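The block underneath contains the structure these notes are about, expressed in structure tokens.
Counting starts at 1 for both ligands and their atoms, in listed order. As the structure is a computational prediction, the values presented were derived from the model and not from experiment.
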Amino acid sequence: MPIKEFNTVSLIRKKREGGVLSREEIQYLIRAYTDDEIPDYQMSAFLMASFLNGLNTGEAAALTHSMLHSGIVADLSHVKGTKVDKHSTGGVGDKLSLILAPIVAACGVPVPMISGRGLGHTGGTLDKLESIPGFTVDVTLDRYKEILEKQNLVLVGQTEEIAPADKRLYALRDVTATVESIPLIAGSIMSKKLAEGIDALVLDVKFGSGAFMKKHEDAVKLAETLVGIGEEFGKETIAYLTNMEQPLGNAVGNWLEVKESIDCLNGGGPDDVMEITHLLAGTMIYLGREAATIEEGIEKSHEAIKNGSAMQKWIDIVEEQGGDTGVIIKPESYPAAKHIESVKAEQGGCITAMDAYAMGMVSVELGAGRRAKEDDVDPAAGFILHKKIGDKVEKDETIATLHTNNRNMLATAKTGIQQAMTIGQSAPETLRQITHRADKHGLHKYEG
Ligand code: URA
């Protein structure tokens with residue numbers, strides 16, 4: 001049935017005044033924007049009106065459906081096995097997809113993964129992958145299917161065929177301060193995940209200063225919304241609520257995070273990264289029917305690191321998608337940023353809190369993210385944290401190392417990191433990394 005035409009300005013005004021748009025009106029907006037009939041400035045106004053006034057359940061459902069059907073839903077029936085993917089709602093230093101995707105694929109579960117670029121203060125899997133020289137995330141539908149069949153894994157971005165509406169809206173939300181909205185996030189995530197051709201999905205829903213949902217209760221709402229949409233479409237969906245009160249791991253920035261992921265795949269890597277990675281990977285292996293329980297899936301995930309099969313899968317997929325495997329095997333051969341400088345503690349004590357949002361913004365300013373849609377990112381930019389919450393620190397001790405090709409940003413970045421770390425006298429309570437699981441049976445406290 002052809003989609004009815006509407007007056008775009010009237011729809012923006014209606015949303016601005018707090019009105020409720022019909023399914024047809026939302027379908028029109030998404031279709032016309034995807035077809036370049038609505039310019040960015042009008043869509044930005046609509047996004048901001050939706051951000052400020054919210055979208056009700058009916059509008060949110062219409063948004064997800066329209067975004068999903070802006071392209072095709074991939075048919076992956078030629079690939080054997082239960083296809084499972086994972087998506088994060090976004091955080092700082094969140095490189096988990098790079099580690100768990102090869103683990104899960106190496107354990108026999110096909111992983112068709114469509115990711116996004118950096119969004120707001122958070123990094124994006126696509127920018128991280130593209131920091132590997134030659135790695136292409138831009139493929140046709142046929143090539144997407146071919147890579148998955150050959151490697152049991154494919155790591156790409158939204159295309160003109162799959163989730164094209166999200167491709168455009170995502171880039172626009174990144175630079176119009178319209179990210180932190182439950183219906184907009186849900187439409188964005190679920191439209192591309194459902195279009196991939198998956199059978200089941202694992203979600204990492206972040207809460208805390210570095211997440212889009214600062215409050216735990218909002219993250220719970222987002223998790224329940226995402227699980228509800230997944231189940232409505234017949235995909236078994238499990239979400240975990242995980243802590244983003246500080247960056248995950250030590251590295252923040254595209255190549256720096258790839259490098260840390262290589263350490264993890266080689267059996268090292270920070271504990272906070274590996275704890276969540278194994279839980280999410282184990283859940284994917286379970287949903288992919290390669291383990292009878294999540295616990296068994298977690299054991300298989302550990303084994304795939306120990307026996308080297310996950311690292312081998314990572315090398316294979318980098319090669320398959322055109323990347324330089326030389327820098328994966330020898331990360332020290334990667335060209336370093338021109339300016340590498342230490343940030344020192346201004347006083348001694350114990351790190352009691354971090355503003356992970358401010359740290360994400362430091363990384364954007366150093367060049368790892370975009371300020372405008374057309375901006376290129378600097379693959380080498382970012383920082384390494386040497387201290388995390390709970391660590392003791394001496395005055396003038398190095399707390400972070402900045403990496404950038406833009407010398408002008410160094411001074412503000414240094415102050416940014418110093419101000420984002422709170423140094424007190426007594427150790428804070430240990431952070432709980434994973435608090436809850438949400439699935440079709442409801443919300444459960446995570447005791448793991
Ligand atoms: N991840 C997405 O894909 N979209 C969002 O809006 C937020 C996180």
Side-chain angles (χ1 to χ4, degrees), residues 30 33-34 43-44 46-48 50-51 54-55 59-60 63-64 66-68 70-71 85-98 100-101 111-129 137 155-159 162-196 198 201-208 210-214 218-219 221-227 229-230 235 237 239-242 244 248 257 276 280 356-357 360 364 369-370 373:
I30 298 302
Y33 181 61
T34 309
M43 193 40 109
S44 305
F46 173 72
L47 288 172
M48 188 55 85
S50 305
F51 181 96
L55 297 176
E59 290 175 303
L63 180 77
T64 307
S66 308
M67 289 177 72
L68 167 62
S70 64
D85 191 12
K86 165 264 175 188
H87 201 82
S88 158
T89 58
V92 181
D94 181 359
K95 70 274 299 167
L96 303 191
S97 291
L98 304 178
L100 62 77
V111 182
M113 186 177 276
I114 299 186
S115 308
R117 299 194 174 279
L119 193 58
H121 64 287
T122 69
T125 302
L126 298 184
D127 293 330
K128 292 171 205 183
L129 291 169
V137 295
L155 303 168
V156 294
Q158 313 95 319
T159 71
I162 309 177
D166 185 54
K167 186 178 168 101
R168 288 173 174 70
L169 285 168
Y170 191 98
L172 193 61
R173 286 169 58 224
D174 180 32
V175 291
T176 53
T178 51
V179 177
E180 301 92 333
S181 142
I182 291 181
L184 296 182
I185 294 177
S188 165
I189 293 181
M190 295 311 283
S191 65
K192 60 181 167 280
K193 297 290 117 175
L194 294 167
E196 287 172 346
I198 48 163
L201 179 63
V202 174
L203 294 159
D204 182 7
V205 180
K206 308 261 178 224
F207 62 89
F212 292 123
M213 298 295 120
K214 310 285 176 221
D218 291 335
K221 262 189 235 151
L222 177 57
E224 288 175 339
T225 306
L226 294 168
V227 170
I229 299 172
K235 315 290 172 195
T237 306
Y240 292 98
L241 281 117
T242 71
M244 190 32 76
L248 251 181
E257 292 188 44
I276 307 181
L280 300 178
Y357 168 80
V364 171
R370 295 173 185 78
K373 250 172 77 178

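Looking at heavy atoms from C-beta onward, L169 lies in side-chain contact with L47 at the 4.5 angstrom threshold.
Of the charged side-chain nitrogens involved, none lies within less than 4.0 Å of a carboxylate oxygen, so that E224 and K221 do not count as a salt-bridged pair.
Under the 3.5 Å distance criterion, the side-chain polar atoms of K95 are matched with a main-chain donor or acceptor of L248.
Applying the 4.0 Å criterion to heavy atoms of I189 picks out, from ligand 1, the atoms 1 (N), 2 (C), 3 (O), 4 (N).
With rounding to the nearest 0.5 angstrom, the NZ atom of K373 is 9.5 Å from the OG1 atom of T176.
Nearest-heavy-atom check against atom 8 (C) of ligand 1 across T125, D166, T89 picks out T89.
Considering both main-chain and side-chain atoms, H87 comes within under 3.5 Å of ligand 1 through a nitrogen or oxygen pair.
Between the side chains of D166 and S191, no donor-acceptor pair of N or O atoms lies under 3.5 Å.
S188 OG, 2.7 Å is the protein heavy atom nearest to atom 4 (N) of ligand 1. Annotation: atom 3 (O) of ligand 1 to nearest protein heavy atom, K192 NZ, 2.5 Å. With respect to atom 7 (C) of ligand 1, the closest heavy atom belonging to the protein is L119 CD2, 3.5 Å.
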